[in-house]
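For ligands, and for the atoms within them, numbers begin at 1 and follow the listed sequence. Because only heavy atoms are used, hydrogens play no part in the values below, and waters and symmetry mates are left out as well, while side chains stay in.
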Amino acid sequence: MTEFRYELLAQDGKARLGRIYTAHGVIDTPTFMPVGTAATVKAMLPENVADTGAQILLGNTYHLMLRPGAERIARLGGLHKFMNWDKPILTDSGGYQVMSLAKLRKITEDGVTFKSHIDGRKFNLTPERSMEIQHLLGSTITMAFDECTPFPATEQQARESMQMSMRWAKRSRDAFVNREGYALYGIQQGSVFENLRRESSEKLTELDLPGHSVGGLAVGEGQQIMFDTLDFCVDMLPANKPRYLMGVGKPSDLVGAVMRGIDQFDCVLPTRSGRNAQAFTHRGTLNLKNGRHRDDDRPLDDQCGCPACTKYSRAYLHHLIKAGEMLGSVLLTWHNLAYYQDLMRDMRSAISEGRMDAFARDFHAAQEGGDI
Ligand SMILES: CNc1nc2c(CC[C@H]3O[C@@H](OC)[C@H](OC)[C@@H]3O)c3nc(N)[nH]c(=O)c3cc2[nH]1
């Protein structure tokens with residue numbers, strides 16, 4: 001069996017090249033984790049997600065506890081078997097979705113009670129229940145149960161929210177079932193306040209966890225405030241363990257956050273945008289709904305090896321979108337995931353060769369180059 005371990009292989013400034021060893025396989029970092037909220041990466045077969053280079057997927061406590069239910073997934077062999085994905089799976093702990101999706105929610109020190117946004121059934125989510133659900137799912141990486149502090153928040157609001165999350169982090173650690181090759185990550189909170197981020201990091205470090213995430217960002221603060229916060233909060237987390245920035249982001253967010261020391265990312269953007277006709281390419285983003293593509297037989301992105309770019313034209317993709325054909329969503333999702341994986345692979349190469357600054361300059365020049 002493999003013990004859960006992070007190996008730092010190279011650094012270029014604050015950017016890190018690393019490897020995470022888990023019970024379900026190895027993860028090369030920096031890594032992008034496609035979101036598979038309801039036990040599927042929407043519009044994709046898992047083998048094709050793996051073909052894009054993805055080594056780890058995201059699942060979600062909130063969605064799966066509501067439907068089909070964690071006990072049912074456990075009876076059916078666990079989430080890996082259920083969705084036919086045998087590599088690592090990281091599951092979020094549910095707190096964020098309760099705040100963004102559930103109705104009639106009530107927060108107490110014990111946890112959160114809420115009504116399902118699907119059928120109105122009442123649920124109770126506590127650190128202990130969140131750990132139990134993620135254990136039932138068989139998550140490779142479990143996230144502590146936290147509250148994602150809304151933005152903006154006053155310093156006092158952020159302090160109270162962070163301190164509750166830190167009490168919940170300890171309860172999560174005490175309830176987590178340790179298994180070799182599996183991990184529990186703590187989630188740093190504190191909004192945009194350096195003193196609160198430090199207090200949160202000190203509390204998490206005391207729990208001696210195998211990995212950590214930066215929570216409470218990508219909540220509407222904008223890229224500059226996110227970067228300004230990362231400039232001081234990433235280094236507060238132990239350097240010998242992985243650092244995961246939750247919910248991020250668009251390509252330029254990933255480049256900027258890798259340069260500030262982040263190792264893991266997740267975001268719905270590549271999949272959600274793909275279903276909305278938006279494509280990320282090496283020369284910027286474009287929307288295939290736009291009529292200018294109707295006669296364009298060029299590939300979507302001539303630097304991409306995915307099926308959408310090697311087998312079809314922009315004109316065909318435009319046609320599928322206008323006709324409302326589901327193949328349009330499949331091909332654009334596939335492309336966006338491949339683009340994100342290529343971007344992470346290219347950044348891993350740049351870090352290993354000590355040329356991350358040049359990579360970032362070339363990336364921004366190509367994105368703003370126009371004429372796509
Ligand atoms: C988008 N910005 C953002 N997302 C965030 C998420 C959810 C990510 C989760 O949300 C789902 O996608 C909608 C994904 O679930 C599969 C992902 O794990 C967070 N989760 C927790 N536990 N704590 C946070 O502080 C937090 C902050 C975020 N900022």
Side-chain angles (χ1 to χ4, degrees), residues 31-42 44 49 54 56-67 79 83 85 88-102 107 111-112 117 125-127 129-131 133-134 137 139-153 158 161-162 164-166 168-169 172 184-192 196-197 200-201 204 209 211-223 225-226 229-230 233 237 243-250 253-254 257 262 264-273 275 337:
T31 189
F32 179 80
M33 308 182 286
V35 168
T37 300
T40 159
V41 177
K42 295 183 182 351
M44 293 290 290
V49 177
I56 175 170
L57 292 186
L58 233 90
N60 219 285
T61 293
Y62 173 81
H63 296 81
L64 295 174
M65 71 186 277
L66 297 188
R67 184 178 54 189
L79 185 56
M83 68 184 290
W85 175 265
I89 296 175
L90 181 150
T91 50
D92 197 8
S93 48
Y96 178 88
Q97 274 73 33
V98 170
M99 300 317 290
S100 56
L101 288 174
I107 301 179
V112 192
H117 70 287
L125 199 49
T126 62
R129 177 62 180 150
S130 177
M131 294 304 107
I133 288 170
Q134 295 179 77
L137 297 175
S139 307
T140 318
I141 300 175
T142 293
M143 297 308 291
F145 187 68
D146 68 326
E147 176 184 69
C148 173
T149 306
F151 180 85
S161 174
M162 176 273 290
M164 183 167 70
S165 287
M166 294 306 102
W168 283 356
S172 298
L184 169 66
Y185 278 22
I187 305 179
Q188 184 201 68
Q189 295 291 344
S191 189
V192 297
L196 300 184
R197 286 280 175 182
S200 178
S201 305
L204 291 178
L209 298 170
H212 305 91
S213 74
V214 174
L217 290 178
V219 286
E221 75 280 3
Q223 186 179 77
I225 293 178
M226 179 174 78
T229 306
L230 292 175
C233 81
L237 294 171
R243 294 148 165 177
Y244 159 30
L245 177 55
M246 305 188 83
V248 174
K250 59 182 184 293
D253 294 333
L254 299 180
I262 296 293
Q264 291 173 256
F265 298 88
D266 91 272
C267 190
V268 295
L269 198 57
T271 40
R272 185 175 292 170
S273 301
R275 300 193 303 279
L337 289 175

Any atoms of ligand 1 less than 4.0 Å from a non-hydrogen atom of L58? List them with their elements.
-> 14 (C), 15 (O), 16 (C), 17 (C), 18 (O)

Without hydrogens or angle criteria, can the side chains of D146 and Y96 be said to hold a donor-acceptor pair below 3.5 Å?
-> no

Does any N or O atom in A218 lie less than 3.5 angstrom from one in ligand 1, N or O only?
-> yes

What one should report as the nearest heavy-atom pair of R243 and L237 is NH2-O, 2.9 Å

Indicate whether the side chain of Q188 and that of S200 have a donor and an acceptor atom separated by less than 3.5 Å.
-> no

Heavy atom under 4.0 Å from ligand 1: found in C267's side chain, backbone, both, or neither?
-> neither

All heavy atoms of Y185 vs all of Q264, minimum pair found to be OH-OE1, 2.7 Å

Can you check whether D146 has an N/O within less than 3.5 Å of an N/O in ligand 1?
-> yes

With heavy atoms of V268 as the reference, note each atom of ligand 1 found under 4.0 Å away.
-> 12 (O), 13 (C)

Among the heavy atoms of G94, does any lie under 4.0 Å from an atom of ligand 1?
-> no

Do any heavy atoms of M143 fall under 4.0 Å from ligand 1?
-> no

In terms of its nearest heavy atom to atom 26 (C) of ligand 1, the top option of Y185, F145, Y244, Y96 is Y96

Between CG on residue D253 and CG on residue L245, distance to nearest 0.5 Å = 8.5 Å

Under a heavy-atom criterion of less than 4.0 Å, does H63 contact ligand 1?
-> no

How far apart are the closest heavy atoms of S93 and S130, and which atoms are they?
-> O-OG, 2.9 Å

Polar-atom distance check: G216 versus ligand 1, any N or O pair below 3.5 Å?
-> yes

Consider ligand 1: state whether an atom of it lies below 4.0 angstrom from any non-hydrogen atom of L217.
-> yes

When you look for heavy atoms under 4.0 Å from ligand 1, do you find them on the side chain of V248, its backbone, both, or neither?
-> neither

Rounded to the nearest 0.5 Å, how far apart are CZ of F145 and CE of M164?
-> 8.0 Å

Enumerate the atoms of ligand 1 whose separation from the nearest heavy atom of S93 is less than 4.0 angstrom.
-> 22 (N)

Return the set of residues passing side chain to side chain contact (heavy atoms under 4.5 Å, CB included) with T149 (not counting sequence neighbours), or none when no residue passes.
-> A153, A158, S161, Q189

Run the numbers for me: atoms of ligand 1, each under 4.0 Å from some heavy atom of I187, listed by number.
-> 22 (N)

Is it true that G95 lies under 4.0 Å from ligand 1, counting heavy atoms only?
-> no

Without swapping roles, check the side chain of T142 against the backbone of L184 for a donor-acceptor pair under 3.5 Å.
-> no

Can you find a non-hydrogen atom of Q97 under 4.0 Å from ligand 1?
-> yes

Output the distance between atom CG (L204) and atom CD1 (I187), rounded to the nearest 0.5 Å.
-> 9.0 Å

Tightest non-hydrogen contact, residues C267 and V248, listed as CB-C, 3.6 Å

G247 neighbourhood, listing ligand 1 atoms whose heavy-atom distance to it stays under 4.0 Å | 1 (C), 2 (N), 3 (C), 4 (N)

